[in-house]
> 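The structure's right below; bear with me while I get my questions together.
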Amino acid sequence: MENNKLKNNEFQVIVIGAGHAGCEAALASARAGVKTLLLTINLDTIAALPCNPSVGGQGKGQLVREIDALGGEMGIVADETSIQRRRLNTRKGMAVQSNRFQSDKNGYIRRMTQSLMLQPNLKLLQAMAIDLHFENGEIAGVVTVSGEIFYAPVVIITTGTFLRGKIHIGEISFSAGRAGEPAADALGSSIERIGLPVMRFKTGTPPRVDINTVNFEGLEIQETDPDTAPFSLWSGECEFKTRPCYLTRTNTETHRIIRENFSRSALFSGNIKGTGTRYCPSIEDKLSKYPDKESHKVFLEPEGYYSHELYLQGMSTSLPEEVQEAYVNTIRGLENARITRPGYAIEYDIVDPGDLYPTLMSKSIKNLFLAGQINGTSGYEEAAAQGILAGINAAAVINGKKPLILDADSSYLGLMVQEITTSGLKEPYRVFTSRSPFRLNLRMSNAEARLSEIAYSFGVMPEQKMAVIREREAKIEDIRQRLVDYTLTPTKLKELYPELANPVPASSVTLAQLLKRSEVDIRKFKDLIPDINTLDSMAATEVEAQIKYEGYLAQQQKEFELRESMEKIVLDDSFFNELPPALTYEAKMKILAVRPHTIGDLAHIPGVRASDVAVTAMTVRKRMKNDKNQ
């Protein structure tokens, strides 16, 4: 049915849940010209940041840039509500450097809500979904708690931690989607009843403290990095000034109190049945797994510019409130800190993502899409990235287009979807740059080159923005080529850049050759090529990355070809009897547990990194060569 012929309770796509996945899904669907309804339990907590009020991080920053390149909103909102900006991994290569921004929590909600409210083809409604509606065996809409049915041939579920969510604080547990909000118990039961494969996962959050009760004297301060590029090409001015973060540490007394109360932790008492993430463990989990470590970092991060609460990053817990207060007060700077909100663990239902096509449509129920934590992932960025893919593909169903399937070599989003839908999840999934063998190609700075034409073809990137991107890409290529072509004689080099002329080269050199040196920045040549000044900071980084990575990319291509040629090689018992020493400990444990049949099978084991696969391929190749020579 056409858009203008639909009744008030009829839509083309319905999105359940207005977290980060739901917001991106609804915006993408509506921007593709599809009449969309976004249902949420509470309009005041749209795109809430219930855990750390931050966006980005290792691998996650790359995802935010990919969302922006696909026409999404997260990068814009993060930029315009940031209170601190930092670039991580600056001592490593540019491909793995990542932005991480602290956002004003309330400002983020307000700014994302504004984008949703102003979006044509999109209606927001505060209502709790309790069931899916079917007609003639096909999905046909959503039933709300009031009994009203909203009709649509395509539905996207993005429920986060709300599906039969259960909060644990010590010996106490209660139903909740997150602190202060009801769980979606009825919808959780409905999803299980219709036959979707349900699993149980767990995550957690640390206590918050009153900033007025913290002593910052002697703590390590972390100021914003003013040179950090924004996430988005389209963001306006940030409405907030910057605020610092601080670093402190736990100590032996902290650890003593926690260890003495292990039995009262919901994690160790047996109250929690769901599987938690290894990559964001609770403080009691850290002490259990690393008993000899004398201290752990604790970052004091503001909840917002006007907020009087600090988030204790690194102190996620499910211990009782009085225990939390006792150990927090042993930490330097927090001796008199007053907890305003206790930390807690939360269990929730997920749907096994093995039931999903790479489009994020369910294999069991046609035209039902799932995105975000319901698919077993963790993190705002992973959720938002899945949301935009689900929204694009939901709209594609309505518009009669072929679905969008992203490859692992084109994006971290494609890698994530490939891994969660094919590898089988045993714990919450998180994106890391180390997961990708293509990470040199998947830079923050080239997201538009990889994805924006795709977004344009699906109608979620408007013509005006696409024209700007194309002009920007042309400028990047033009300046790259001019750096390659611009030649300096030894005499001219010594005259202009004497610090780069020691020793004096035997022949002329290009600016590109000079730029390949690790200590040289592209801005050094702005006087010779003034157009460098017209590049935005992310574009300047991309020109530099293309030149500096030229040799590495050629070598990487050879490694890809080697791996591809060896994927079907069988791993015999001798390989498992003597694993390559260079493999990571985690990879060794995973490989021995699975005992993969081929190198290709080994490459698909969760937790086995691209570097582990490369080490395996080279080792097997060397052994085969030695066997042949004997």
> Short question: side chain of Thr158, backbone of Gly17 - any donor-acceptor pair under 3.5 Å?
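Answer holds: yes.
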
> Do you see a donor-acceptor pair shorter than 3.5 Å between the side chains of Asn367 and Glu138?
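No donor-acceptor contact under 3.5 Å links the two side chains.
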
> If we count only N and O atoms by modelled type, under 3.5 Å, do the side chains of Glu382 and Thr377 hold a donor and an acceptor together?
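Thr377 and Glu382 do not have a side-chain donor-acceptor pair below 3.5 Å.
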
> How are the rings of Tyr151 and His133 set relative to one another: parallel (under 30°), tilted (30 to 60°) or perpendicular (over 60°)?
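If you compare the ring of Tyr151 with that of His133, the planes turn out perpendicular.
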
> Could you check whether Ser29 and Thr36, counting side-chain N and O atoms only, form a donor-acceptor pair closer than 3.5 Å?
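Yes, a side-chain donor-acceptor pair sits under 3.5 Å.
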
> Report yes if the side chains of Leu368 and Ile157 come closer than 4.5 Å at any heavy-atom pair, otherwise no.
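Sidechains of Ile157 and Leu368: in contact.
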
> Please name the residue in the list Leu187, Val143, Asp185 that meets the side-chain contact (heavy atoms from CB on, under 4.5 Å) test with Ile130.
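Of the listed residues Leu187, Val143, Asp185, the side-chain contact (heavy atoms from CB on, under 4.5 Å) partner of Ile130 is Val143.
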
> Testing Val351, Ile350, Ile191 one by one against Pro197 for a side-chain contact (heavy atoms from CB on, under 4.5 Å), which residue passes?
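Between Pro197 and the candidates, side-chain contact (heavy atoms from CB on, under 4.5 Å) is satisfied uniquely by Val351.
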
> Using a cut-off of 6.0 Å, state whether more than 12 heavy atoms not belonging to Glu586 lie near its atom CD.
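Yes - once you tally the heavy atoms of other residues, nucleotides and ligands closer than 6.0 Å, there are more than 12.
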
> Look only at the side chain of Glu66 and the backbone of Tyr412, and say whether a donor-acceptor pair between them is shorter than 3.5 Å.
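Answer holds: yes.
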
> Spell out, as yes or no, whether a donor-acceptor pair under 3.5 Å connects the side chain of Ser362 to the backbone of Phe369.
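Not a single qualifying donor-acceptor pair exists.
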
> Tell me, do Pro596 and Ile605 make a side-chain contact under 4.5 Å, heavy atoms counted?
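They are in contact (side-chain heavy atoms under 4.5 Å apart), so the answer is yes.
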
> Do side-chain atoms of Glu135 reach the backbone of Ala140 as a donor and acceptor pair under 3.5 angstrom?
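Here the side-chain-to-backbone pair does not exist.
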
> Tell me which pairs pass side chain to side chain donor-acceptor pair (under 3.5 Å) where either residue lies in residues 187-202, with sequence neighbours left out.
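Listed by first then second residue: Asp131-Ser190, Asp131-Arg193, Arg164-Glu192, Arg200-Asp349.
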
> Just jot down the ring-ring contact (aromatic ring centres under 6.0 Å, His included) partners of Tyr108, sequence neighbours excluded, or say none.
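Per chain and number, Tyr108 pairs via ring-ring contact (aromatic ring centres under 6.0 Å, His included) with His20.
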
> For residues Gln62 and Thr433, is any side-chain donor paired with an opposing acceptor at under 3.5 Å?
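No, Thr433 and Gln62 have no side-chain donor paired with an acceptor closer than 3.5 Å.
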
> Among side-chain atoms of Ser115 and Glu73, is any donor-acceptor pair under 3.5 angstrom?
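Yes, Glu73 and Ser115 have a side-chain donor paired with an acceptor closer than 3.5 Å.
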
> Do the side chain of Glu381 and the main chain of Leu63 share a donor and acceptor less than 3.5 angstrom apart?
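Side chain of Glu381 to backbone of Leu63: no pair is present.
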
> Between Glu347 and Lys273, does any side-chain N to carboxylate O distance fall below 4.0 Å?
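Between Lys273 and Glu347 there is no salt bridge, as every charged N stays at least 4.0 Å from the carboxylate O atoms.
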
> Given Leu602, which of Asp612, Val620, Val594, Thr616 fulfils the side-chain contact (heavy atoms from CB on, under 4.5 Å) condition?
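For Leu602, the side-chain contact (heavy atoms from CB on, under 4.5 Å) check succeeds only for Thr616.
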
> Strictly distance-based, threshold 3.5 Å: is any side-chain N or O of Glu24 a donor or acceptor partner for the main-chain N or O of Met74?
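Present.
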
> For the residue pair Asp79 and Ser232, confirm or rule out a side-chain donor-acceptor distance under 3.5 Å.
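There is no such pair (donor and acceptor under 3.5 Å, judged by atom type) between the side chains of Asp79 and Ser232.
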
> Could you walk me through whether Asn393 and Leu360 pass the side chain to side chain contact (heavy atoms under 4.5 Å, CB included) test, one step at a time?
CA-CA 8 Å; Asn393 282 327; Leu360 297 184; 5.8 Å; no

> Treating Thr159 as the side-chain partner and Phe162 as the backbone partner, does any N or O pair qualify as donor plus acceptor under 3.5 Å?
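No; zero donor-acceptor contacts below 3.5 Å.
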
> Taking atom types as modelled, find out whether Glu284 and Ser318 have a side-chain donor-acceptor pair closer than 3.5 angstrom.
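Side chains of Glu284 and Ser318: pair found under 3.5 Å.
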
> Looking at Tyr429, is Arg435 sitting on its ring face, NZ or CZ under 6.0 Å from the six-membered ring centre and within 45 degrees of the normal?
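Cation-pi check for Arg435 and Tyr429: passes.
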
> Please determine whether a side-chain nitrogen of the Lys or Arg among Arg178 and Glu181 lies less than 4.0 Å from a carboxylate oxygen of the Asp or Glu.
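Counted as a salt bridge, because a side-chain N and a carboxylate O are separated by less than 4.0 Å.
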
> Checking Asp407 side chain against Asp409 main chain: does a donor-acceptor pair fall under 3.5 Å?
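Side chain of Asp407 to backbone of Asp409: no pair is present.
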
> Is the shortest heavy-atom distance from the side chain of His168 to the side chain of Tyr344 under 4.5 Å?
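Answer no - side chains too far apart.
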
